[in-house]
Protein chains: 2
Amino acid sequence: MHKMPAMLTVPPKVSFKAQMYQAREAAILASACRLLGEKAFDLMTMDDVANAVGIAKASLYKHFGSKEALCTAAMVQMLGRVQTYLASLPAQTPALEKLHALLRWSLEQLLGNQMPLLPGRHSGLRAVLMANQDYRAGLRALSEQIGAWITEAQAQGLIDPGLPLVVVQYTLYARACDPALCLLKEGGQYSDAEIVELVLRTCFDGLVAR
Amino acid sequence: MHKMPAMLTVPPKVSFKAQMYQAREAAILASACRLLGEKAFDLMTMDDVANAVGIAKASLYKHFGSKEALCTAAMVQMLGRVQTYLASLPAQTPALEKLHALLRWSLEQLLGNQMPLLPGRHSGLRAVLMANQDYRAGLRALSEQIGAWITEAQAQGLIDPGLPLVVVQYTLYARACDPALCLLKEGGQYSDAEIVELVLRTCFDGLVAR
DNA sequence: GTCTATATTTAGATAGAC
DNA sequence: GTCTATCTAAATATAGAC
């Protein structure tokens, strides 16, 4: 039995294999995103990921060379997702509404047990991410986009012009990994949608009465 | 050479030993507080603590039976400290000012690299703390104290009465471990005092212009 | 009670069969 | 490329001398 001509049989087969490979890689990333939403980077193990995906741990390392590489890829993907979402907003949307939409999107991710847009205060992941060029580039692009909207909203007198730009930026970033969300969700007293609106309100309007 | 009469030499000596023991225990707790301000519970090692105090790791375990016990004790001590501070506020201080003072105190702790008043979103410490009766009791007492002030400020129309009590509470709690502080401090653009005032302002007044 | 040295456990990463 | 089995490093905790 000799081999079939390669051109007739192989092209669809390698395509299929490549598809399977990419599908598996996507599944790994998805599991990592979910697990990083449930526990911190340092508490998530590669065994967790392997079990969640349903493959052997060694197979993970054929896709990602290290835990850091996997989680970095997951975070970069997340940055890309938020940028895709932001790009999908109608161009004529007012700047302040875009900021609302951004924060709402981030909070919905958190409540859906997805990984936060930014790593928390002292996550071991932070140093790793900041050493990664792709991540830094994505974060810078996002920051500039948000910064432009903030400046616009300040010029319109909708965001307090007395607040320095970075303060507004970091305040929004911090809300994207806000522990108050978890506490409210654990309380079980409010629906996810109510929690999102309450946190949005405390962020933009503050605690004091108007 | 026979022993001296015990009553003449021992009483001061055991007292001195006890003092040394307690001083060492205080030093261990202080180091733990500082290290927990610099890194997360899961990243802090008992070797870190031992090195910081300048004693052997095994000696730590003569004072605290486990890493969890040590950090729980540190957190309970922290709760006690904030309660002492709150009790020191003049009785006639308006409720809203007391809330300001509480948050300011918490932020100053963070900026001084002290452990946060509450563990972060997914710290491995949280489950341990919540299993500890002393901690739960301290946290409950603090919550009730704060809750009373919030309710009072709402009745005076100073805190938005439309916000549920728990939302205000959790919003304040979340600010006590806010990553925005770290980001602003790393930026090096503002003094600690400025950072505290900026974060207080965004928390109480929100981002939008008045 | 403090130290040095060590036991134990866990998780990141790899070797080698298929 | 995926699996089972294993190596290695690090961190919690302890044993035993002094």
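Here is how names work: the chains are called A, B, and so on, in the same order as the sequence lines, proteins then strands, and each is numbered from 1. Every value quoted in this text rests on a predicted model; they were computed, and no experiment measured them.
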Rounded to whole Å, CG of B/Asn51 lies from P of C/dT4 at a distance of 11 Å

With A/Arg81 via side-chain hydrogen bond (donor to acceptor under 3.5 Å, both in side chains) - residues at least two apart: none

Taking only residues two or more places apart in sequence, or in another chain, which ones meet A/Asp48 in a side-chain contact (heavy atoms from CB on, under 4.5 Å)? A/Leu35, A/Lys39, A/Met44, A/Thr45

The complete set of side chain to side chain donor-acceptor pair (under 3.5 Å) pairs with one or both residues in residues 130-146 of chain B, sequence neighbours excluded, reads B/Ser143-B/Tyr173

Which nucleotide of DNA chain D is the first, and which the last, in the 5' to 3' direction, to come under 4.0 Å of a heavy atom belonging to chain A? D/dT2 to D/dT4

Residues in ring pair (Phe, Tyr, Trp, His ring centres under 6.0 Å) with A/Phe204, at least two apart? A/His100

Give the residues of residues 36-48 of chain A touching DNA chain C, defined as any heavy atom closer than 4.0 Å, sorted by residue number. A/Met44, A/Thr45, A/Met46

Tell me, please, which residues at least two apart from B/Glu108 pass side-chain hydrogen bond (donor to acceptor under 3.5 Å, both in side chains). none

Please list, chain by chain and in numerical order, all residues satisfying side-chain hydrogen bond (donor to acceptor under 3.5 Å, both in side chains) with B/Asn51, sequence neighbours excluded. none

5′-ward residue of the pair A/Lys62/A/Ser66 relative to DNA chain C: A/Ser66

Side-chain polar contacts of residues 20-29 of chain B - donor-acceptor pairs under 3.5 angstrom, sequence neighbours left out - could you list them?
{"unit_1": "B/Tyr21", "atom_1": "OH", "unit_2": "B/Lys62", "atom_2": "O", "d": "3.4"}
{"unit_1": "B/Glu25", "atom_1": "OE1", "unit_2": "B/His63", "atom_2": "ND1", "d": "2.9"}

Do A/Glu38 and A/Arg34 sit within salt-bridge range, that is, some charged N less than 4.0 Å from a carboxylate O? yes

Between residues 54-61 of chain B and DNA chain C, which residues have a heavy-atom gap below 4.0 Å? B/Ile55, B/Ala56, B/Ala58, B/Ser59

Sequence neighbours left out, what passes side-chain hydrogen bond (donor to acceptor under 3.5 Å, both in side chains) with B/Tyr61? Give chain and number order. none

Salt bridge (charged side-chain N to carboxylate O under 4.0 Å, His left out) filter on B/Glu186, not counting sequence neighbours, yields A/Arg126

